[in-house]
Each structure stands twice: as structure tokens, then as C-alpha cells.
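Report on one structure; see the data block that follows.
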Amino acid sequence: MLHLVKRFFGSLVATPLNESESAWVEQVLYTKEFALWRSQAVTDQRHSYSIAKRFVSLRAQATRDEIAGALLHDIGKVDAHLGTIARVFATVLPLPTQRFIGYRHHQENGAKLLKTIGCSEITIALVNGYPDSEALQVLKRADRI
């Protein structure tokens, strides 16, 4: 739960990635993946960049597809169109609105979205959170710090 509190406060002060940070993301992701990644809010771009960098530091042998999964791990949230406060409510309250349900199912939605642009099965599996693998455990760890 502490990581969610940190993420909330971090989202309030998130700044756009600088040129070198954005260049790193663009270097890792394929063109369609990068376009999709850019469709995220600045707070989600900053979060995914931080998680991907942590992921790489925890998993030195990470492949490009695994790093792409780290960068795109929350991409399914993009269709929910929820701001920071609404995301808090969607996380702690089981309200049955379509946007809240979509937000809570962001892993499955993200995996479907990535399939439509032809991402690798490894990237899709990490975003979907299934099947369990060492890379997925490292991603979860990177996301909880």
C-alpha cells in the first residue's frame, strides 16, 4: 500500500521526461509501441520510465521485450481516462462504472491493446501479469519500490 501512496504524491508533481530520458524510451520501444506509450499522461510516462529503469537495474540480463513490458506495464489504464483523484477512488472503491472497471482490469486491457499492434508474446505476458515468471516477479518488485 505504501507504494500506492508514493505513486499518488509522485503523480501530483510528475514532470515530463527530459530529452535523454525520452530518447532512451524511444530507443527501447518499436515505433507502434512508442506511439502508444506517448499516448499516456505525463504522470504515467514518468512512472513507467522509473519502473523500467528499476527493472533493468534489478534484472541486468533483461531482454528488449522484457524492458518494453516494463515500460508498457500500465498501458491498459490509458482507455479509462481517469485523473489522479479518480484513480484513487477506482483503486479503493469497487464502484461498478465502466471507467473504474476498465481501470481495475488494466492488465488484461493492456495485453489486448498490445496484441493489436503486434507486440511480442513476452511483452504482452508481462503487461498481462501472466504467466508467472522471474521477469514478472522482478517487474512487480520494481513497481512496489
Would a hydrophobic clustering, with Ile, Leu, Val, Met, Phe, Trp and Tyr connected at side-chain separations under 4.5 Å, put [X] with [Y]?
X: Trp37; Y: Tyr30; value: no
X: Leu17; Y: Leu71; value: yes
X: Leu36; Y: Val28; value: yes
X: Val25; Y: Ile117; value: yes

About how many Å separate [atom2] of [Y] and [atom1] of [X], when rounded to the nearest 0.5 Å?
X: Leu139; Y: Arg144; atom1: CG; atom2: CZ; value: 9.5 Å
X: Ile51; Y: Tyr49; atom1: CD1; atom2: OH; value: 12.0 Å
X: His73; Y: Asn128; atom1: NE2; atom2: CG; value: 13.5 Å
X: Leu114; Y: Lys112; atom1: CG; atom2: NZ; value: 12.5 Å

Requested in this report: Check the side chains of Ser20 and Asn18 for a donor-acceptor pair under 3.5 angstrom, ignoring hydrogens and angles.
Outcome: yes

Requested in this report: Kindly indicate, with the supporting measurements, whether the criterion side chain to side chain contact (heavy atoms under 4.5 Å, CB included) is fulfilled by Glu66 and Gln61.
Outcome: CA-CA 10 Å; Glu66 291 172 345; Gln61 77 278 21; 5.7 Å; no

Requested in this report: Report yes or no: does Ser48 contribute a side-chain atom to a donor-acceptor pair with the main-chain N or O of Leu72 at less than 3.5 Å?
Outcome: no

Query raised in the report: Is there a donor-acceptor pair closer than 3.5 Å between any side-chain N or O of His47 and the backbone N or O of Asp44?
Result: no

Query - Gln27 atom CD: more than 12 heavy-atom contacts under 6.0 Å - result: no

Requested in this report: Could you walk me through whether Asn109 and Asp79 pass the side chain to side chain contact (heavy atoms under 4.5 Å, CB included) test, one step at a time?
Outcome: CA-CA 8 Å; Asn109 294 339; Asp79 288 335; 5.7 Å; no

Report task. Kindly give the heavy-atom pair with the smallest separation between Leu136 and Gly129, and that separation in Å. Result -> CD2-O, 3.3 Å

Query - Minimum-distance pair of heavy atoms, taken over all atoms of Ser39 and Val78 - result: O-CG2, 3.6 Å

Query - Residue pairs, two or more places apart or on separate chains, that pass salt bridge (charged side-chain N to carboxylate O under 4.0 Å, His left out) and touch residues 17-42 - result: Glu21-Arg46, Glu33-Arg64

Report summary line: Which of Leu126, Ile124, Val127, Leu29 passes side chain to side chain contact (heavy atoms under 4.5 Å, CB included) with Cys119? Answer is Ile124

